[in-house]
Amino acid sequence: MFMCLLVIVAAVILGFVTWSSEISIRFAGYTLQFVGMIFAIRGLLGIRAHFGQPLLSELLVDWIKRFPKLRKKVVIGVGTAHLSLAGMKARAVVWSPDDPEKPIEQRIEYIVRNLDRVRDEQRNHAKSIDDLADNHEEHKKAITERTKKVEKDIRTELESLHTSDLITSLVGLVWLTVGITMSTMAPEIYQWLYKA
């Protein structure tokens with residue numbers, strides 16, 4: 001910011017004091033306008049690049065490429081289609097049926113087998129639930145860390161944006177404003193300073 005004010009002071013001193021004429025005021029104002037325009041454009045292009053937008057030179061080249069070419073051959077292509085099928089999971093359940101015609105010992109044996117299968121299924125389900133809970137906790141930690149990293153990256157990006165090209169654009173706009181004022185009001189400023 002100090003450099004911005006220093007350039008303005010130098011332009012004012014050169015325009016008003018050193019040469020002290022209407023033409024020198026207008027020329028100092030024009031110089032400030034020109035340099036301010038360069039700085040403002042440079043800053044705005046830097047902001048555009050900062051946000052990942054294509055550069056203006058790339059947009060110009062793409063625009064030129066869209067012009068029709070003379071006598072271009074026409075080629076018609078035939079497309080192909082692909083079909084994909086998604087698989088599904090299937091599960092077979094083994095169960096010993098209860099038959100009232102069979103002896104009681106065999107029926108009890110079938111009941112005990114079915115009970116063992118139910119216990120195995122419960123064990124497997126409990127293990128799956130524990131695994132899901134562990135995975136859920138790990139996922140929560142990973143999401144929390146990722147969120148903190150994204151917040152830090154956003155903060156860094158904003159700091160970079162505000163400390164680099166935005167300041168350059170603002171300096172250019174200030175110089176442009178002072179230069180326009182000096183150029184357009186040169187006769188009035190000269191009369192006010194030296195004829196009054």
Side-chain angles (χ1 to χ4, degrees), residues 1-11 32-67 69 75 77-96 110-180:
M1 207 45 129
F2 179 71
M3 192 64 139
C4 172
L5 295 175
L6 189 65
V7 170
I8 291 173
V9 168
L32 268 180
Q33 284 180 49
F34 187 73
V35 173
M37 188 75 77
I38 290 172
F39 269 66
I41 290 171
R42 184 174 154 248
L44 291 175
L45 291 177
I47 290 172
R48 184 174 179 82
H50 178 81
F51 283 111
Q53 297 292 321
L55 300 176
L56 291 182
S57 59
E58 294 174 11
L59 291 176
L60 178 66
V61 169
D62 290 342
W63 179 70
I64 291 172
K65 285 181 181 178
R66 283 187 285 184
F67 282 103
K69 308 251 187 306
V75 178
V78 179
T80 60
H82 297 282
L83 179 64
S84 61
L85 298 174
M88 299 178 73
K89 291 185 178 180
R91 209 171 157 163
V93 177
V94 179
W95 194 256
S96 302
Y110 284 168
I111 291 172
V112 169
R113 271 193 223 158
N114 288 340
L115 188 58
D116 288 340
R117 287 187 191 116
V118 168
R119 284 187 190 134
D120 288 342
E121 282 291 319
Q122 281 182 333
R123 240 182 264 118
N124 290 337
H125 287 305
K127 184 179 180 302
S128 296
I129 289 171
D130 290 341
D131 290 344
L132 284 173
D134 292 342
N135 289 339
H136 179 68
E137 287 301 318
E138 289 175 13
H139 183 69
K140 277 179 24 181
K141 289 177 186 174
I143 290 294
T144 303
E145 290 174 8
R146 192 176 307 146
T147 303
K148 287 179 183 176
K149 184 181 180 301
V150 167
E151 287 174 356
K152 182 180 175 187
D153 290 346
I154 289 172
R155 192 173 299 114
T156 304
E157 289 285 322
L158 285 174
E159 287 174 6
S160 170
L161 175 66
H162 289 299
T163 58
S164 62
D165 296 322
L166 189 62
I167 299 297
T168 305
S169 293
L170 291 176
V171 166
L173 290 175
V174 168
W175 288 349
L176 188 62
T177 305
V178 173
I180 288 172

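Taking each heavy atom of Gly179 and Leu32 in turn, the nearest pair found is CA-CB, 3.7 Å. Counting all heavy atoms, side chain and backbone alike, Ser169 lies closest to Ala40 at OG-O, 3.5 Å. Counting all heavy atoms, side chain and backbone alike, Asp120 lies closest to Arg123 at OD1-NH1, 2.7 Å. Residue Phe39 comes nearest to Thr168 through the heavy atom pair O-CG2, 3.6 Å, listed as atom of the first residue, atom of the second, then distance.
A distance of 11.5 Å separates NZ of Lys149 from CD of Glu145, quoted to the nearest 0.5 Å. Distance check: Ile111 CD1 to Leu115 CG gives 9.0 Å after rounding to the nearest 0.5 Å. Expressed to the nearest 0.5 Å, how far CD of Gln122 lies from CD1 of Ile129 amounts to 10.0 Å. The CH2 atom of Trp175 lies 12.0 Å from the CG atom of Leu170; values are rounded to the nearest 0.5 Å. Atom NE2 of residue His139 and atom OG1 of residue Thr144 lie 9.5 Å apart, to the nearest 0.5 angstrom. Interatomic distance, Ile143 CD1 to Lys148 NZ, rounded to the nearest 0.5 Å: 13.0 Å.
For Phe2, the CZ atom counts as loosely surrounded, since its 6.0 Å shell holds 12 or fewer non-hydrogen atoms of other residues, nucleotides or ligands.
In this structure, Asp116 pairs ionically with Arg119, as a charged nitrogen and a carboxylate oxygen lie closer than 4.0 Å. The pair Lys127-Asp130 does not meet the salt-bridge criterion, since no charged nitrogen lies less than 4.0 angstrom from a carboxylate oxygen. Between Glu137 and Lys140 there is a salt bridge, since a side-chain N of the basic residue sits under 4.0 Å from a carboxylate O of the acidic one.
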Residue pair Ile8, Val174: steps toward the side chain to side chain contact (heavy atoms under 4.5 Å, CB included) verdict: CA-CA 9 Å; Ile8 291 173; Val174 168; 3.7 Å; yes
Stepwise salt bridge (charged side-chain N to carboxylate O under 4.0 Å, His left out) check, Arg66 with Asp62: CA-CA 7 Å; Arg66 283 187 285 184; Asp62 290 342; over 6 Å; no
